[in-house]
Amino acid sequence: MSHNFHKDISGCGLAGIINKDGKRISGSSISKSLCLMNDRGNGLGAGYAAYGIYPEYKELYAFHIMYDEPACQRDTEEYLKKNYRIEKKEPMPTAPVESITISPMIWRYFVKPLSEKAERDAADLRDDDFVVRTVMKINSEIGGAYVFSSGKNMGAFKGVGMPGEIARFFRIEEYEGYIWTGHTRFPTNTPGWWGGAHPFTLLDWSIVHNGEISSYGINKRYLEMYGYKLTLLTDTEVVTYLFDLLVRKHGLDVLTACTALASPFWKNIDDLQEDEKNAMTALRMVYASALMNGPFSILFGHSKGLVGFNDRIKLRPLVAATKGKTVYMASEESAIREICPSPEKIWAPRAGEPVIAELEG
Amino acid sequence: MFKSLAVPEFLAKIDQIKCIKCKRCIQNCGWSVYAWGGDKVLIDTFKCVKCLRCYHYCPEEAITIEDNPVKYRSNANWGFYNIRNIKRQAETGGIPLTGMGSDMPYPVLFDSLLIDACQVTNPSIDPLREPMELRTYLGKKPAKLEFENGPDGKPKLKTKMPPQIKLEAPFIFAPMSYGSISLNAQKTIAIAAKELGIVMNTGEGGLHEDIYPYRSNIIVQVASGRFGVNPDYLNAGVAVEIKIGQGAKPGIGGHLPGEKIPLDIAKTRMIPVGTDAISPAPQHDIYSIEDLRQLIFAIKEATNYTKPVSVKIAAVHNVAAIASGIVRAGADIVYIDGFRGGTGAAPSIIRDHLGIPIEHALAAVDERLRQEGIRNEASIIAAGGIRSCADAAKAIALGADAVALATSALITMGCTVCGKCYTGNCSWGITTQRPELTVRLDPEVYAERLINLIHAWSHELKEILGALGVNAIESLRGSRERLRGIGLDSQTLDILGVKPVGR
């Protein structure tokens with residue numbers, strides 16, 4: 001047990017787009033939207049997550065990994081080779097950006113877990129669980145190696161820089177996705193670190209987050225009880241893993257999970273009809289340590305949809321809008337209007353009430 | 001019998017010019033310090049315990065109680081009480097008894113912990129303007145929940161929830177039996193518990209019929225003496241507690257002498273009038289963890305699985321492993337009593353030297369249950385030395401679901417922590433059964449003070465949560481990240497799971 005747990009605090013701007021009909025669009029929109037909110041970041045971190053970008057490899061897990069030095073890559077690949085069939089391995093395509101002078105080595109791998117390997121058999125794990133274990137293992141045990149994306153047909157792209165610079169660096173405009181999220185960061189207490197930028201992802205989950213989880217301490221200890229290792233020095237990691245635990249492991253639907261994470265107040269629960277009251281009371285009791293308290297607005301992406309939600313008293317901004325089959329969410333209305341000048345509907349979601357947009361069909 | 005050579009601790013003095021000879025001091029002192037000498041009040045200062053009853057009830061402010069300036073020759077090694085206890089033991093051959101928690105100057109880690117607060121990056125929350133929630137449920141929680149859609153399309157719970165104790169604030173009143181305290185003191189606590197939406201605990205003395213109306217705010221206790229235990233008793237409250245040990249006297253039983261067993265107490269304890277009420281050191285059907293499991297499930301059977309079962313233990317060196325065993329044995333609540341916890345009567349030698357503080361014990365237990373992945377299986381109550389809301393908040397941040405209060409509750413009734421509870425002479429009517437003394441404690445009047453105290457602490461707790469930028473107690477619970485240790489060595493920090501200040 002270590003008492004030197006770390007926590008990063010930051011202010012931020014975020015944006016998200018989903019085409020509910022599955023239509024794929026280039027990353028240039030999200031980048032444009034985010035760049036309007038440059039004053040919400042300070043150049044110490046920006047990033048994007050996109051769904052639907054690897055249709056040719058959609059059955060395989062896409063690992064995006066950053067390495068501090070070649071030795072980390074060697075150790076990581078040694079482990080991967082033992083446990084995965086590596087369909088494709090390549091350096092992440094990047095473009096030179098004048099202001100980005102230092103970057104880690106970034107590689108991507110399209111892989112499938114080998115089912116017959118000893119380490120796997122002993123634990124009798126499903127593919128997803130095994131991938132989670134791999135991510136935890138690499139991130140906590142191989143110093144200088146960080147898996148920052150591990151889902152299927154999706155990927156995260158992030159680093160230290162302003163949103164426009166990071167978009168150019170990763171050539172974001174060349175990818176086409178049906179869901180995009182983006183983030184610009186204003187960290188206040190840690191030096192910019194590529195791994196610390198948003199989004200945070202695990203399998204198909206991706207999180208961009210504006211705010212601070214004031215309940216970080218207990219959320220972290222709660223997750224550790226279920227075997228999660230929190231290594232990335234930021235409280236946003238907590239959000240990612242909480243969704244993973246509640247939705248994937250415990251089987252809660254997304255709305256119920258959001259309700260557990262930003263729960264209604266007792267006074268509202270007490271007024272509900274008997275069945276719902278019992279359900280909500282139990283939800284708060286059982287997931288008390290998962291309650292995310294403190295200011296936040298969050299965009300939570302997964303392969304089937306996009307969810308935006310706020311803390312229980314809305315201490316950070318979030319605006320949503322719709323036009324046709326497209327749903328927009330962002331920290332500021334201006335960021336939405338920058339790419340969708342005349343939405344059909346635009347509103348500020350209430351505290352604790354999630355906006356859930358899902359793919360049709 | 002010759003005059004004791006044990007120097008009196010206090011000097012009771014009456015200003016004879018101010019004294020109007022009303023004799024209220026004589027009437028009020030439960031210790032017979034004062035007597036009427038024909039023309040003035042006489043003082044036997046050897047009997048004075050400095051409970052200050054006479055001081056408060058003297059209408060002329062003529063009384064002062066001073067610490068006796070006469071001490072033995074000062075000696076850095078042989079302290080006053082070392083010498084005094086030897087003299088007392090030489091005179092009696094007995095074990096010096098004491099009451100309340102230890103007054104020895106052991107370090108209090110609560111005083112070396114500081115709480116975080118918000119600035120800029122996360123906003124603090126004003127409890128006067130925003131909801132601030134203290135509600136707490138004690139009991140076993142399933143690891144996860146299943147829902148189905150109800151007929152109205154709303155979620156309906158599929159998982160069966162184990163029984164819980166609902167508390168409107170994370171405070172409970174610690175077990176104090178009828179016998180150790182007066183019935184009026186118990187009533188005072190019962191009235192307050194009901195009004196506050198929290199719970200009290202009968203202690204091991206059975207449940208008096210006058211307390212029955214408060215049953216929805218009562219935990220009934222089963223201790224080694226099994227006083228007053230029958231199926232009705234087990235089903236009377238909202239939970240049942242098995243008492244294994246007490247922080248002030250771990251490993252030690254209890255002994256209420258026959259002269260303190262009048263009819264009413266005898267009826268409540270279900271023993272004959274005038275017999276000694278002996279609580280053996282161990283429970284004689286629990287000699288190992290599997291025996292405890294059998295008793296837990298015997299009680300669950302007797303209560304048809306409708307009530308959480310709590311197991312109370314003293315904080316001892318190996319408390320983490322013991323607590324883990326208790327949870328695995330089926331307990332829904334683990335009650336940990338630190339060595340500074342109070343008692344109605346305990347040998348000084350035991351109270352002052354056995355057991356460990358609640359801070360270490362609580363931190364170790366919470367961490368151990370998490371490591372084993374069973375923290376949700378039981379709630380933790382921390383007790384033994386909670387002196388203020390700050391202590392309570394720190395205990396909750398270390399991992400307690402709720403804290404138990406006893407001494408602080410008695411202080412609202414007039415107690416000054418004089419530590420002479422075991423004599424049965426309490427001038428405030430708290431730890432006595434003498435009718436002329438207990439009648440002084442009006443439950444309605446003093447319940448209001450006790451309610452005030454818990455309201456005050458609840459307000460303070462909400463201010464702390466607000467400063468931390470959270471609006472529900474569960475976001476503080478176990479959140480050690482919000483604590484820092486000041487002046488603590490690295491090993492202690494590691495045990496507590498907190499960082500040093502400045503990091």
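Looking at Ile125(B), the atoms closer than 4.5 Å to chain A (heavy atoms on both sides) all sit in the side chain, from C-beta outward. Heavy atoms closer than 4.5 Å to chain B are found in the side chain of Thr281(A), but not in its backbone. For a residue to count as touching a neighbouring chain, one of its non-hydrogen atoms must lie under 4.5 Å from one of that chain's; by this rule Leu255(A) does not touch chain B. Neither the backbone nor the side chain of Met292(A) has a heavy atom closer than 4.5 Å to any heavy atom of chain B. In this structure, chain B has a heavy atom under 4.5 Å from the side chain of Thr256(A), while its backbone stays farther away. Neither the backbone nor the side chain of Phe296(A) comes within contact range of chain B; no heavy atom of the residue lies under 4.5 Å from a heavy atom of that chain.
The pair Lys307(B)-Asp332(B) does not count as a salt bridge, with every side-chain nitrogen at least 4.0 angstrom from each carboxylate oxygen. Ion pairing of Arg477(B) with Asp401(B) is present here, as a side-chain N (NZ or NE/NH1/NH2) and a carboxylate O approach within less than 4.0 Å. We find that Arg316(A) and Asp311(A) are not joined by a salt bridge, their nearest charged nitrogen and carboxylate oxygen being 4.0 Å or further apart. Using a cut-off of 4.0 Å between Lys/Arg side-chain N and Asp/Glu carboxylate O, Asp129(A) and Arg133(A) are scored as not salt-bridged. Salt bridge status for Lys394(B) with Glu359(B): absent, with no side-chain N to carboxylate O gap under 4.0 Å.
Interface summary for chain B: among Val286(A), Leu315(A), Asp275(A), the most heavy-atom pairs under 4.5 angstrom belong to Val286(A). Most heavy-atom pairs under 4.5 Å with chain A: of the set Pro142(B), Gly399(B), Cys118(B), Gly139(B), this distinction falls to Pro142(B). Of all the listed residues (Gly251(A), Gly294(A), Ala282(A), Ala260(A)), the one sharing the greatest number of non-hydrogen pairs under 4.5 Å with chain B is Ala282(A). When each of Asn376(B), Thr136(B), Asn471(B), Leu369(B) is checked for heavy-atom pairs under 4.5 Å with chain A, Asn471(B) comes out on top. Contact count against chain A (heavy-atom pairs under 4.5 Å) is highest for Glu133(B) among Glu133(B), Arg375(B), Lys144(B), Glu130(B).
With sequence neighbours left out, Tyr137(B) forms a ring-ring contact (aromatic ring centres under 6.0 Å, His included) with Trp266(A). Shown here are the ring-ring contact (aromatic ring centres under 6.0 Å, His included) partners of Phe300(A), two or more places apart in sequence or in another chain: Trp205(A), Phe243(A), His302(A). With sequence neighbours excluded, no residue forms a ring-ring contact (aromatic ring centres under 6.0 Å, His included) with Tyr305(B).
Counting heavy atoms from C-beta on, the side chains of Leu468(B) and Ser214(A) never come closer than 4.5 Å.
Within residues 157-171 of chain B, the residues having any heavy atom less than 4.5 Å from a heavy atom of chain A are, in residue-number order, Leu157(B), Met161(B), Gln164(B).
The local environment of NZ in Lys249(A) is crowded, with over 12 non-hydrogen atoms from other residues, nucleotides or ligands closer than 6.0 Å.
Judged by the 6.0 Å distance and 45° axis criteria, Lys229(A) is not positioned over the aromatic ring of Tyr241(A).
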